[in-house]
Amino acid sequence: MIISNRRITGLAVGVIAELGEEIGPLWQERHQARLTSRPRKRAVGAGAKHRLVFVDRLLATLVHLRHGVTHDGLACWFGVDRSTITRAVGEVRPLLAERGCTVSPDVRLRTLADVVNHLGASGTTGIIDGTEIRVRRPAAGRKDRDKFISGKNKQNAVKSMVVTDAEGHVLWCSPARPASCADITHARQLGLVKLVADGPVVEILADAGYQGLGAQTGGRVVTAPHRKFKKNAPDWYEEMYERQRKAHSSRRIRVEHGIAHLKNWRALARHLGRREHLSDTVQAVAGLLSHQQTADLTSTRQR
């Protein structure tokens, strides 16, 4: 079927099949729980039957996340009412978010603590960076309206911290929060300092926006070199500084590649839906991308 093509969903057919086998039973279980949780005048299973089976609900959600197709457009595509698509996306998206990020067929990372423990156990270097996602401007009169204005890009946005390994494989994305928060403040609020300082020995690369975390974590968070001379720097210092900066940047650039792959999903390029759904959207896309990256890596190794 054309809608299951990787250019449409962003995922290979094999990955979609694995998703269906994994979250299909969870969706069915929650669906049955909703049916039995409220007073009923008819028996469970009576009445009109679903016109949209679970696989189509999953595909509709993937196309919506990948290309930002409206619910009306998807409703015409699948031959159902718009409200059916809205309900399907609302049910499937949290299930995708709860899956976490896949680093191997049997390992999932769902929290920042899982990521730090994985980096320590595998001896892998982690890379962190913040990314902003544009959102609609909050309504006039809302008391926290200014919190969404990004000081960097001067636009209404939310921010998420992305963690990748040294190859750019996405390991975790944090829940979204208003973009007025600085990167280093966001990292501290997520508990990164305590997890790294008290946890296993790891190396985490970060840009200049996280300067200060190195001293708080015993040097485990490595940031870009600090420039000591603002004016009239000696030639030897300029040469050394530039060499250190390029060496750090060449290692850290992989997280930018990981973020670029995330932004290929239209739902994260600019979010036009409700802001309270964005955290689920970010974590769902991160999990889907990491699953596909793991599948591609496994396929390459088997050749």
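Side chains are part of it too, since the values below use all heavy atoms of this structure and drop only hydrogens, waters and symmetry mates. Note that the coordinates shown come from a computational prediction; the quantities given were computed from them, not determined experimentally.
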Within one Ile-Leu-Val-Met-Phe-Trp-Tyr cluster: [X] and [Y], side-chain cutoff 4.5 Å:
X	Y	value
V221	M161	yes
V282	L65	yes
L95	V63	yes
V196	V163	yes

Any donor and acceptor pair, going by atom type alone, linking the side chain of [X] with main-chain N or O of [Y] inside 3.5 Å?
X	Y	value
T36	Q32	yes
Q155	R134	no
T294	T102	yes
R110	E98	yes
H271	R274	yes

E91: which residues meet the side-chain contact (heavy atoms from CB on, under 4.5 Å) condition with it, sequence neighbours left out?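 In terms of side-chain contact (heavy atoms from CB on, under 4.5 Å), with neighbours along the sequence ignored, E91 is linked to W27, R34, R57, R87.
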With a 4.5 Å heavy-atom cut-off, do [X] and [Y] have their side chains touching?
X	Y	answer
Q292	L288	no
L262	V285	yes
V89	H71	yes
L171	C101	no
L19	R99	yes
R188	V193	yes
R82	T70	no
H64	I85	no

Considering all heavy atoms of both residues, which atom of [X] and which atom of [Y] are nearest to each other, and what is their separation?
X	Y	result
R220	V201	NH2-CG2, 3.7 Å
K147	P178	O-CB, 3.2 Å
V170	G258	CG2-O, 4.2 Å
T281	A267	CG2-CB, 3.8 Å
I128	R252	O-NH1, 4.5 Å
S150	A179	CB-CB, 4.0 Å

Crowding at [atom1], [X] (>12 non-hydrogen neighbours, <6.0 Å):
X	atom1	result
D235	CG	no
R275	CZ	yes
K263	NZ	yes
R145	CZ	yes

Do R266 and V69 pass the side-chain contact (heavy atoms from CB on, under 4.5 Å) test, and can you show the C-alpha distance, the side-chain angles, and the key distance before you say yes or no? CA-CA 9 Å; R266 185 62 62 85; V69 180; over 6 Å; no
Check the pair Q244, M240 against side-chain contact (heavy atoms from CB on, under 4.5 Å), reporting the backbone distance first and the verdict last. CA-CA 6 Å; Q244 292 176 347; M240 180 189 68; 3.8 Å; yes
What distance separates [X] [atom1] from [Y] [atom2], expressed to the nearest 0.5 Å?
X	Y	atom1	atom2	answer
F148	K159	CZ	NZ	13.0 Å
I149	D146	CD1	CG	4.5 Å
L297	H169	CG	NE2	8.0 Å
L74	T61	CG	OG1	8.5 Å
R7	R66	CZ	CZ	11.5 Å
I127	I259	CD1	CD1	10.0 Å

SB check R254 D165 (cutoff 4.0 Å):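 No, no charged N to carboxylate O under 4.0 Å.
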Could you go through the side-chain contact (heavy atoms from CB on, under 4.5 Å) check for Q293 and E167 one step at a time? CA-CA 11 Å; Q293 289 175 328; E167 301 301 322; over 6 Å; no
Those residues that, when tested against E29, pass salt bridge (charged side-chain N to carboxylate O under 4.0 Å, His left out) (two or more places apart):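 Salt bridge (charged side-chain N to carboxylate O under 4.0 Å, His left out) check on E29 returns nothing, list empty.
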Taking it one step at a time, do T164 and V162 satisfy side-chain contact (heavy atoms from CB on, under 4.5 Å)? CA-CA 7 Å; T164 71; V162 181; 4.0 Å; yes
Compute whether any side-chain donor of one residue and acceptor of the other, for H277 and R93, lie under 3.5 angstrom apart.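 On atom types as modelled, these side chains qualify, holding a pair under 3.5 Å.
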What side-chain donor-acceptor pairs closer than 3.5 Å can you find for residues 202-215, not counting sequence neighbours?
from	atom 1	to	atom 2	distance (Å)
E203	OE1	T125	OG1	2.9
E203	OE1	R251	NH2	2.9
E203	OE2	R251	NH1	3.4
D207	OD1	G209	N	3.0
Y210	OH	G130	N	3.3
Q211	NE2	A224	O	2.9

